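Following: one structure in structure tokens, then a few remarks.
Given the structure is predicted, the values throughout are model-derived calculations rather than measurements. Below, chain A is the first sequence line, B the second, and so on; all start at residue 1.
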Amino acid sequence: MNDAAPRPRYDFAAAEPRWQAEWDRRGCFAAADVPAGNKPKYYVLEMFPYPSGKIHMGHVRNYTLGDVVARYKRARGFDVMHPMGWDAFGLPAENAARERGVHPGKWTYDNIAAMRAELKRMGLSLDWAREFATCDAAYYGKQQKLFLDMLAAGLVERKESWVNWDPVDGTVLANEQVIDGRGWRSGALVEKKKLSQWFLSITKYAEELLAGLDGLDRWPERVKLMQANWIGRSEGARLRFAMAEPVDGIADVEVFTTRPDTLFGMSFLAVAPEHPLAVAAAARDPKVAEFLAEARRMGTSEAAIEAAEKKGIDTGLLVRHPFIQGATFPVWVANFVLMEYGTGALFGCPAHDARDLEFARKYALPVLPVVLPKGADAAHFAIGAEAFTDDGTVINSDFLNGLDVVAAKRAAIARLEADGAGQGVVNWRLRDWGVSRQRYWGCPIPVIHCEACGIVPVPATELPVKLPEDVDFSRPGNPLDHHPTWKHVTCPSCGAAARRETDTFDTFVDSSWYFARFCSPGAEAPTDRKAVDHWLPVDQYIGGIEHAILHLLYSRFFSRAMTATGHLSVAEPFAGLFTQGMVLHESYRGADGRWLYPDEVDHEADGSARHRETGEAVTVGRVEAMSKSKRNTVDPGAIIERFGADTARWFILSDNPPDREMEWTESGVNGAFRFTQRLYRLAEAVAEIAPGDVPETFSPAARSLRQATHRTIAGVTEALDSFAFNVAVARIHEFANVLADAERHAAEPGMGWARREAAEVVTRLVAPMIPHLAEEMRHLLFPAGSGLVAEQDWPVADSALVAADRLTIAVQVLGKLRGTISVAPDAAESDILAAAAAEPNVARSLEGKRIVKRIYVPGRIVNFVVA
RNA sequence: GCGGGUGUGGCGGAACGGUAGACGCGGCGGACUCAAAAUCCGCUUCUGGCGACAGAGUGUCGGUUCGAGUCCGACCACCCGCACCA
């Protein structure tokens, strides 16, 4: 099967485009913005792709899963919306421009055309009329409107801040986009830089975003957990330590702590290297200045590598303790204190914090225990190598003595508040979302900087602020910034010469509301309220786990912000979320160590592999995520060409549960291909039977086939409802075996009718998964025509046929299986117990033993407990 | 370190607390064929037995139960996420 394309009986190459055209012609998958009917709505959405130019197997898996859901729900009577679009802004287009001189717009739209053609070959039940790309001015202009509305609503801020600067991409990254100290896209070590940036106030919704997770009962637990951790709520106190002597006008240092109960165990105060007090200390002490410079050089990445190494320097400054009259403590600058968290300053209590202890040991700072473990002896308790962080009784702490940790926290906060030295607060790990990017290929931020008026929004009538076409990529930096004319405008407020904002939005902004735009892609406003109120939330969203935090959190924020500005009325955009697993493949290396593509490799029967052309031995490497660098990729286009879209879809669904990683294998594809052909042959055989009325009588084999048919309906329905597509596939396989077997009884009464019923039902059951073959089979069965499978309702199982005629009851003795008996469904318990005890093998096991207990679970099992 | 998940044949995986291994892949044997491909039929957890059967078996150890892959506790391994979060 390696070289020659299979010569199939079912000619998928002719059939697939034919049915795709037919669906298109009949408008099978069109939805209305505001439907007139009263069918329940169902919005199925897969995460829209970045138009790289080619689809990959991850896309195929994602869109196949979504298509099964969409087609199934449609058959179940829902009015389904299933749109597709393009997440089309982003850096690769600019890189193409720099490397090959092609305009980012042309590059992007060419890629979209190529990918659209590939997706169409998959036979997805998409409403293509809703398609848009985020780089369409018709889309991003509406996004600018959303931004201006958020600005007016106080949900946008411009602030000077330390940012993550990606030196390779030459742009700012959000915290979420920094992974292990490196840029998420470039992989470059991220530097710290101070810049003026636009921020969306996601922190205003921290509480809501956290609380909202509880209501998302159709989201994976782990995604919710990841978001909860990211939002990072912690309760504690903020308190001010007065400087013993003010420095540069700084009179006190504010600190956040979750352990105000341990304030009496304090031995030092530590601030981040970027903290104003550290900067002030550096101005007075060259050694501190040197320490700060070193900390900056190390950046986040080096710090991560040397995570264990805690370093600090004593500034020589002192702070007063809020509770202990006259006591002062040294102020240190420490590399483990993060400016981004809390207040960028902390008080160190080494006895009860692992980090503080490590720091105190290194610099010989005092360690005073103030919490005594339960049952420990106060006279002999001391802190050794490990800090004590559990609950206990507070000691050495004046008015807190004798309290437990919880009560002591409360008492300490009460005292701080009474003294005006601090207050109880909730602190969040979540930062505001910096959205400014110094890039061309993004949505322009619609504001104007005026000397006199400051920040002036672009008037709504002047939207969209379009990207200029004539841009120069020969210089590094932001092409919008050095465009000769684009940024020079007059101030809308005072008419003076002013400067247009040249930053563009982070592309995650684009993907934070596209699902809403799909509801009314032609609307004049960003959303048509009737349409979004009808369609949102998305009933089933499907995509990769890699978006568990970034995209999904931003979208949840956007829904709230858009609701606050009157564009929507749902807080949660995605009622159901399904995260699919990655597609993996074996990797191969040639003798010279080069990675080889799967189609350069032939497998031998003994499991070894060799190079197809040279014949040299090939090392079979790990099964891992498909990646260009490992060359372990399989091109979906080539698979569809050789085997058809249905085969690709069937294999992807059959291999394993969809939330797990799946391995793409040649043998698996072959198996799927064989099965599609087999189904077609079964339908062909049945198509020879003339349709007729329901017969008077059915032979036992015919009745048994009908039972199998209806049990398969029940089984497949249950499997599809629970996303167990691999189980649905298995049920279909079983049923195909039964249907093939029925050919032996072809001449029996009722069998012809039963086989036609079986074949007709199976077309509808497989239609969500392999829609083209389903249509072809239906066409075989009804050559004169009777509508498309895509237009049929889901079959309904006849409960009388699903129920069994005879029950097989397992019989156990002391929990061990000794035999089975067959009984009538309405048999009396006493008769069943008697039959069970009489079963020869069971009888032998019971011989000479006394039965002390008889357990009968109706319809399932008998268990004799013997002495 | 913290949090979460997963451990079932050669492989992917099934299994409301009730006949473990459905279904598929691979393998073995057979039919058809001059032959091959395709197709069809059968076998395929391990051990013993010609066989009927018997014993063992779902990462390890224990517990609950008439009965545990499934529930509970401890541990081991692997995977994922977060990670100096005060």
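- With sequence neighbours excluded, the residues satisfying ring-ring contact (aromatic ring centres under 6.0 Å, His included) with A/F329 are A/H321.
- For the pair A/E847 and A/K849, the salt-bridge criterion is not met [side-chain N within less than 4.0 Å of a carboxylate O].
- The residue among A/S654 and A/R259 whose nearest nucleotide of RNA chain B is located toward the 5' end is A/S654.
- Between the P atoms of B/U70 and B/U58, the separation comes to 9 Å (whole Å).
- Rounded to an integer number of Å, the gap from A/R674 CZ to B/C25 P is 5 Å.
- Ion pairing between a basic and an acidic side chain is recognised when a charged N comes within 4.0 Å of a carboxylate O; A/E340 and A/R429 show no such pairing.
- Rounded to whole angstrom, the span from the CG atom of A/N229 across to the C1' atom of B/G5 amounts to 14 Å.
- At whole-Å resolution of the value, NZ in A/K816 and C1' in B/G57 are 10 Å apart.
- Rounded to whole Å, the C1' atom of B/A22 lies 13 Å from the corresponding atom of B/U8.
- Closest contact between the side chain of A/R355 and the listed nucleotides B/A86, B/A14, B/G81 involves B/A86.
- In this structure, A/N656 reaches the B/G13 phosphate: one of its side-chain N or O atoms is under 4.0 Å from OP1 or OP2.
- Checking B/A54 for Watson-Crick or G-U wobble geometry (two distances, each under 3.5 Å) identifies B/U47 as its partner.
- Under the 3.5 Å distance criterion, the side-chain polar atoms of A/D353 are left unmatched by any main-chain donor or acceptor of A/T389.
- Between A/M226 atom CE and B/C80 atom C1' the separation is 8 Å, expressed in whole Å.
- B/C40 is paired with B/G30 under the criterion used here, namely a Watson-Crick or G-U wobble arrangement in which both key atom distances are under 3.5 Å.
- Taking 90° from 0 as the syn/anti boundary, the base of B/G69 is oriented anti.
- Within the shown strands, B/C82 is the pairing partner of B/G1 under the Watson-Crick or G-U definition, both distances less than 3.5 Å.
- Contact annotation: A/R818 does not reach the phosphate of B/C53 (side-chain N/O to OP1 or OP2, under 4.0 Å).
- For the P atom pair drawn from B/C80 and B/G27, the interatomic distance equals 31 Å after rounding to whole Å.
- Between B/A74 and B/G29, the two C1' atoms lie 48 Å apart (nearest whole Å).
- Distances were taken from every side-chain heavy atom of A/K853 (C-beta onward) to each of B/C53, B/G81, B/C66; the shortest belongs to B/C66.
- Dashed line: the shortest gap from a side-chain N or O of A/R429 to OP1 or OP2 of B/A83 is under 4.0 Å.
- For A/N670 and B/A37, the CG to P distance is 14 Å, given to the nearest whole Å.
- Taking the side chain of A/R744 as heavy atoms from C-beta on, and the options B/A86, B/C41, B/A83, the nearest nucleotide is B/C41.
- Rounded to whole angstrom, the span from the CE atom of A/M662 across to the P atom of B/U6 amounts to 21 Å.
- Distances were taken from every side-chain heavy atom of A/S667 (C-beta onward) to each of B/G26, B/C66, B/G12; the shortest belongs to B/G26.
- Checking the phosphate oxygens (OP1, OP2) of B/C40, a side-chain nitrogen or oxygen of A/R681 falls inside 4.0 Å.
- A/E386 has no carboxylate O lying under 4.0 Å from a charged side-chain N of A/R361, or vice versa, which leaves the two without a salt bridge.
- Comparing A/R660 and A/A740 by the nucleotide of RNA chain B whose heavy atom lies nearest to each, the residue mapping closer to the 5' end is A/R660.
- In this structure, of B/C66, B/A83, B/A86, it is B/A86 that holds the atom nearest to the side chain of A/F256.
- Across all strands shown, B/U6 is found opposite B/A77 as a Watson-Crick or G-U wobble partner, with both distances under 3.5 Å.
- Comparing the P positions of B/U44 and B/A52 gives an interatomic distance of 11 Å, to the nearest angstrom.
- For the C1' atoms, the distance from B/G13 to B/C85 is 41 Å, rounded to whole Å.
- By the 30° and 60° cut-offs, the orientation of the rings of A/H551 relative to A/H547 is perpendicular.
- Atom CG of A/D353 and atom C1' of B/G1 are 12 Å apart (whole Å).
- Here A/N427 lies out of heavy-atom contact (under 4.0 Å) with every strand.
- At a threshold of 4.0 angstrom between heavy atoms, the contacts of A/R238 with the nucleic acid are absent.
- Under the ring pair (Phe, Tyr, Trp, His ring centres under 6.0 Å) rule, A/F268 has a single partner from A/F347, A/F359, A/Y363, which is A/F359.
- Rounded to whole Å, atom C1' of B/C66 lies 14 Å from atom CG of A/L846.
- Judged by Watson-Crick or G-U wobble contacts below 3.5 Å, the nucleotide B/U70 has no partner.
- When the C1' atom is compared between B/C40 and B/U65, the two are found 47 Å apart, to the nearest whole Å.
- Comparing the P positions of B/C28 and B/C16 gives an interatomic distance of 34 Å, to the nearest angstrom.
- Side-chain proximity of A/R222 to B/C80, B/G12, B/A83: nearest is B/C80.
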Tabulate protein N/O versus nucleotide N/O from nucleotides 18-23 of chain B, keeping only pairs under 3.5 Å, one per line.
residue : atom : partner : partner atom : Å
B/A22   : O2'  : A/E734  : OE2          : 3.1

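- No donor-acceptor pair closer than 3.5 Å links the side chain of A/D659 to the backbone N or O of A/F578.
- One finds a salt bridge joining A/R731 and A/E734 here, because a Lys/Arg side-chain nitrogen approaches an Asp/Glu carboxylate oxygen to under 4.0 Å.
- For the ring pair (Phe, Tyr, Trp, His ring centres under 6.0 Å) with A/F675, the lone residue among A/W650, A/F651, A/Y10 that qualifies is A/W650.
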